[in-house]
There are 2 protein chains.
Amino acid sequence: MITQQWVQSLSNNGCRVTKPRCVILDIIARSERPLTPQEIHALAAAKSPGIGLVTVYRTIDKLEEMEMVERVHHTGQCQTIFRRAVGHKHLLICTQCGRSVHFEGLEFEKEFQLIAQKHGFCITSHWLQLSGLCADCQKGKNT
Amino acid sequence: MITQQWVQSLSNNGCRVTKPRCVILDIIARSERPLTPQEIHALAAAKSPGIGLVTVYRTIDKLEEMEMVERVHHTGQCQTIFRRAVGHKHLLICTQCGRSVHFEGLEFEKEFQLIAQKHGFCITSHWLQLSGLCADCQKGKNT
DNA sequence: GTGCTTGCAAATTCTTTGCAACTTT
DNA sequence: AAAGTTGCAAAGAATTTGCAAGCAC
């Protein structure tokens, strides 16, 4: 389970493993789709009343810093949070239900470099996200 | 000049061609890099004192609606505005000076579809941006 | 006990809305 | 003259900060 790995990492980095933090971690780790800070807060508060939105923001910052989550562009904003994949992967997002899947994209890397060279640029990072409808939403299951 | 085309389009769509609007249009059309609403406002106010930030927001909305500009992910946010390219192009951005260039990316489209199919998704759009250092910034010119 | 965390309240920052005055056509 | 626009002030929304109390180790 991802949650346990994250708790371990936190601990290894000298961070305290507190109740609110665990609840938030677990919600993000288990989510199949990117969540906004507000959504995370709502889910966290449901599980464990009293958790503040501020704690959610601070936990997200910490997780981002430790490269366990990343910001994703979804529903018009780029502040939704999704767990980060191991290795170099990109995201495939369902515009309707939000379900997201990581995919390998190594084939592209070389092409990106070539394109950049043509313009005199030296690439340091890239942002690639595909949006569409997942199998269920195509069938109208989540309507 | 892009500005003139835009003014023409506005006019054709029944929009009034006002002074503030022209100033804002011109700033965005000429910019080599994505600008935040605040930056646009600062530049606009410098050229023509009295222009309100609200007008900038409203003009951006209109331009976006008419597909003349797009939101770009830059410097940690995705609300910076950059002119939109004709046809299907992607963006190459300098993380240091912000200079941006559009490039063709048709070769990727088919691959995107294939990847999506493997996961049962049907792609409707994608978001691809390459970030790095432009030629000048690599040489330390803009430091 | 020490020092990291938490939650509250307040402060900021960014964006949107209501409205009367003002332009463009 | 009619209708779209503008800028101001105010309202909202989202995020950050200060701080005393509370936990984890």
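Each chain gets a letter, A, B and so on, in the order its sequence line appears, and its residues count up from 1.
The nucleotide whose nearest atom lies closest to any side-chain atom of B/Val17 is, among D/dT5, C/dT25, D/dC8, C/dT25. Comparing atom distances between the B/Thr55 side chain and each of D/dG7, C/dT24, D/dC25 picks out D/dG7 as nearest. In this structure, the nucleotide among C/dC19, D/dA24, C/dA9 sitting nearest to the side chain of A/Arg16 is D/dA24. Nearest nucleotide to the B/Arg58 side chain, out of C/dT15, D/dT5, C/dT17: C/dT17.
Computed from coordinates, the A/Asp61 CG to D/dT15 P distance equals 11 Å when rounded to whole Å. In this entry the distance linking NZ of B/Lys62 with C1' of D/dG4 reads 8 Å, nearest Å. Regarding A/His41, its NE2 atom lies at a distance of 15 Å from the C1' atom of D/dA13, rounded to whole Å. Atom CG of A/Leu10 and atom P of C/dC4 are 15 Å apart (whole Å). Atom CG in B/Asn13 sits about 16 Å away from atom C1' in C/dT25, given to the nearest Å. Rounding to whole angstrom units, CD of residue A/Glu39 and P of D/dA14 are separated by 11 Å. If you measure from atom CG of A/Leu53 to atom P of C/dC8, you get 11 Å, rounded to the nearest angstrom. Nucleotide C/dT25 holds its P atom 11 Å from the CD atom of B/Gln8, rounded to whole Å.
For the pair A/Arg21 and A/Asp61, the salt-bridge criterion is not met [side-chain N within less than 4.0 Å of a carboxylate O].
Each end of the helix from C/dG1-D/dC25 to C/dT25-D/dA1 yields a helix axis from five base pairs, and these two axes differ in direction by 40° (to the nearest 10 degrees).
Taking each heavy atom of B/Lys19 and B/Ser48 in turn, the nearest pair found is NZ-OG, 3.7 Å. Smallest separation of non-hydrogen atoms from A/Cys15 and A/Lys62: SG-CD, 3.7 Å. Taking every heavy atom of both residues into account, A/Arg83 and A/Glu70 meet most closely at O-OE2, 4.2 Å.
Looking at heavy-atom distances under 4.0 Å, B/Arg21 makes contact with sugar-phosphate atoms alone, never a base.
Considering only side-chain N and O atoms, A/Gln38 lies under 4.0 angstrom from the phosphate OP1 or OP2 of D/dT15.
Note that the CZ atom of B/Arg99 and the NE2 atom of A/His119 stand 13.0 Å from one another [nearest 0.5 Å].
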Side chain to side chain contact (heavy atoms under 4.5 Å, CB included) evaluation trace for B/Ile2 with B/Leu25: CA-CA 9 Å; B/Ile2 305 176; B/Leu25 246 65; over 6 Å; no

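Closest-nucleotide positions on DNA chain C for A/Val54 and B/Ser11 were compared, and the one nearer the 5' end corresponds to A/Val54. When each of B/Val56 and B/Gly14 is assigned the nucleotide of DNA chain D with its nearest heavy atom, B/Gly14 is the one assigned upstream, toward the 5' end. Along DNA chain C, the nucleotide nearest B/Thr18 and the nucleotide nearest B/Tyr57 are compared for position; the residue whose nucleotide lies closer to the 5' end is B/Tyr57.
The aromatic rings of B/His90 and B/Phe108 sit tilted relative to each other, their planes meeting at an angle between 30° and 60°.
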